[in-house]
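Reviewing the structure listed below.
Reckoned from all heavy atoms, side chains included, excluding hydrogens, waters and symmetry mates. None of the values given here were measured: they were computed from a predicted structure. Residue numbers start at 1 and run along the sequence shown. Atoms within each ligand, like the ligands themselves, are counted from 1 in listed order.
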Amino acid sequence: MFILGIETSCDDTGIAVYHTTRGLLSHALYSQTAMHSDYGGVVPELASRDHIRRVLPLVKQTLSEASLELKSLNAIAYTQGPGLAGALLVGSSFAAALSFALKIPAIGIHHLEGHLLSPLLSTNAPLFPFVALLVSGGHTQLMEVHGVGRYKLLGETVDDAAGEAFDKTAKLLGLSYPGGPAISILADKFSKSGKVSSFTLPRPMLHSGNLNFSFSGLKTAVLTLSNKHKITQEIQEEIAYAFQEAVVDVLTQKSMAALTQTGLNQLVVAGGVSANCQLRKNLSKYAEKIGATVFYPSHEFCTDNGAMIALAGAMRLQEKPQLSTNSFTVKPRWDLEAHEMLSNE
Ligand code: KG4
Ligand code: ZN
């Protein structure tokens, strides 16, 4: 079966064609980062309008790269939520119209399910069950995953998401949006300089006794630190380093605790922050110590993309071939754990 994947939940238009036995055939992405960077964050209305401009040309491009015609498609998978309502509506209405015209099913996919399954696009893919650390701009969660749609929430952030903390800290330091890559470049420079940082930032909720996170205090600590110093290039690098160390430390220790608590030995890390090299290095180092293996999506599938949505659609269709919502509804707020309940409504 050929499945078209459509991702329009935030500021990336991602389109892909996935085949249930041949795997990913083509994918294309248009990132709106440059358009939003002048505003220091995503402007929802601009995002929706840009998705409208990009969806059709990208669908044509991916079909042509896969040497397919529209009529060869067997199903459409689109991001139904969570995300920006207007942006989600672009993908869902496009999917609904195409599904109606081609008389094929359209399946609404949970954006985080897409991220969570994205390491399965790699050749070295994990087998169920595993623990998943989802770290994106909007979410930070630890999940126990037993199969498609079989998710148990182990812990999550009580305030800011990890990616959001990177973005807000970058803004405080006068860096460009999105903040994650900008902070990690500065932190790497500091690390390579061989200097030792005199800044120690808090590790929020490290000893909370549960698997929840909190990142808003860390951002306040960065604000206090940056108010105390004249912001030079060196200070920017040192603060970025101290901030990244604190986030990586907390994410690593909580992930190891989740593996120990569940007795599982595979950790999947997904979402935009999983692109962070220091996080990858640290997680792999500590996982090895407890005999666990860490799986990541390839770099191009860490941030939002259509391939993960097409894959999630394919896996859901294989479980329930008659599955189709053909509805026009979007779910800007949507718990992944409640996915089954909602999708059976
Ligand atoms: O998954 P994603 O593309 O979108 C959401 O679903 O939110 O994640 C975007 C987030 C942003 O907050 C961005 O700053 C962060 O991922 N990010 C990073 C890196 N690359 C992207 N954070 C840390 N290090 C990176 N290299
Ligand atoms: Zn995402």
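- Short contacts between ligand 1 and His111, defined as distances under 4.0 Å to a heavy atom of the residue, involve ligand atoms 6 (O).
- Taking the six-membered ring for Trp, Phe2 and His19 have ring centres closer than 6.0 Å.
- Close approach of ligand 1 to Asp304 is summarised as follows: ligand atoms under 4.0 Å from at least one heavy atom of the residue are 1 (O), 2 (P), 3 (O), 4 (O), 5 (C), 6 (O).
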### Query
Hey, mind stepping through Phe301 and His27 against ring-ring contact (aromatic ring centres under 6.0 Å, His included) and telling me if it holds?
CA-CA 10 Å; Phe301 300 135; His27 67 99; 4.8 Å; yes

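- Against a heavy-atom cut-off of under 4.0 Å, Gly138 is close to the following atoms of ligand 1: 7 (O).
- By heavy-atom distance, the residue among Val42, Thr33, Val273 lying nearest atom 15 (C) of ligand 1 is Val273.
- Nearest non-hydrogen protein atom to atom 18 (C) of ligand 1 is Gly180 CA, 3.5 Å.
- Using a 30° and 60° split on the angle between ring planes, Phe166 and Phe243 fall in the perpendicular class, above 60°.
- Taking a cut-off of under 4.0 Å to the non-hydrogen atoms of Pro181, the atoms of ligand 1 that pass are 19 (C), 20 (N), 21 (C), 25 (C).
- For the pair Phe166 and ligand 1, the shortest N or O to N or O distance does not fall below 3.5 Å.
- Taking a cut-off of under 4.0 Å to the non-hydrogen atoms of Thr303, the atoms of ligand 1 that pass are 3 (O).
- Residues Gln233 and Leu186 have side chains in contact (heavy-atom distance under 4.5 Å, counting atoms from C-beta outward).
- Salt bridge Arg316/Glu113: present, at least one basic N to carboxylate O contact under 4.0 Å.
- Using bins of under 30°, 30° to 60° and over 60° for the plane-to-plane angle, the ring pair Phe213/Phe215 lands in the parallel bin.
- Across Leu112, Asp167, Asp11, heavy-atom proximity to atom 14 (O) of ligand 1 is greatest for Asp167.
- The distance criterion of under 3.5 Å between nitrogen or oxygen atoms is met by Asn276 with respect to ligand 1.
- No more than 12 heavy-atom neighbours from other residues, nucleotides or ligands sit within 6.0 angstrom of CD on Glu288.
- Using a 4.0 Å cut-off to heavy atoms of Gly163, the atoms of ligand 1 that qualify are 12 (O).
- Residue pairs meeting the side-chain hydrogen bond (donor to acceptor under 3.5 Å, both in side chains) criterion with at least one partner in residues 162-177, sequence neighbours excluded, are Asp160-Lys168, Glu164-Lys168.
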Inset, instruction - Determine, step by step, whether Ser226 and Ile231 satisfy the side-chain contact (heavy atoms from CB on, under 4.5 Å) criterion, reporting the C-alpha distance in whole Å, the side-chain angles of both residues, the deciding distance to 0.1 Å, and the verdict. - result: CA-CA 7 Å; Ser226 53; Ile231 300 294; 3.6 Å; yes

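- Inspection of the Thr293 and Gln266 side chains reveals no N or O donor paired with an N or O acceptor under 3.5 Å.
- Taking a cut-off of under 4.0 Å to the non-hydrogen atoms of Gly137, the atoms of ligand 1 that pass are 5 (C), 7 (O), 8 (O), 9 (C), 10 (C), 12 (O).
- A side-chain N or O of Ser208 and one of Asn210 form a donor-acceptor pair less than 3.5 Å apart.
- Summary of contacts: the protein heavy atom closest to atom 17 (N) of ligand 1 is Gly272 O, 3.6 Å.
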| said: If you apply the rule side chain to side chain donor-acceptor pair (under 3.5 Å), what do you find for Asn276 with Gln244, and how did you get there? | reply: CA-CA 9 Å; Asn276 189 280; Gln244 183 173 275; 3.1 Å; yes

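- Linking ILVMFWY residues whenever their side-chain heavy atoms come closer than 4.5 Å, directly or via other members, places Ile3 and Ile309 in the same cluster.
- Excluding waters, the count of protein N/O/S atoms less than 2.8 Å from the Zn ion (ligand 2) comes to 3.
- In the vicinity of His115, heavy-atom distances shorter than 4.0 Å reach the ligand 1 atoms 1 (O), 6 (O).
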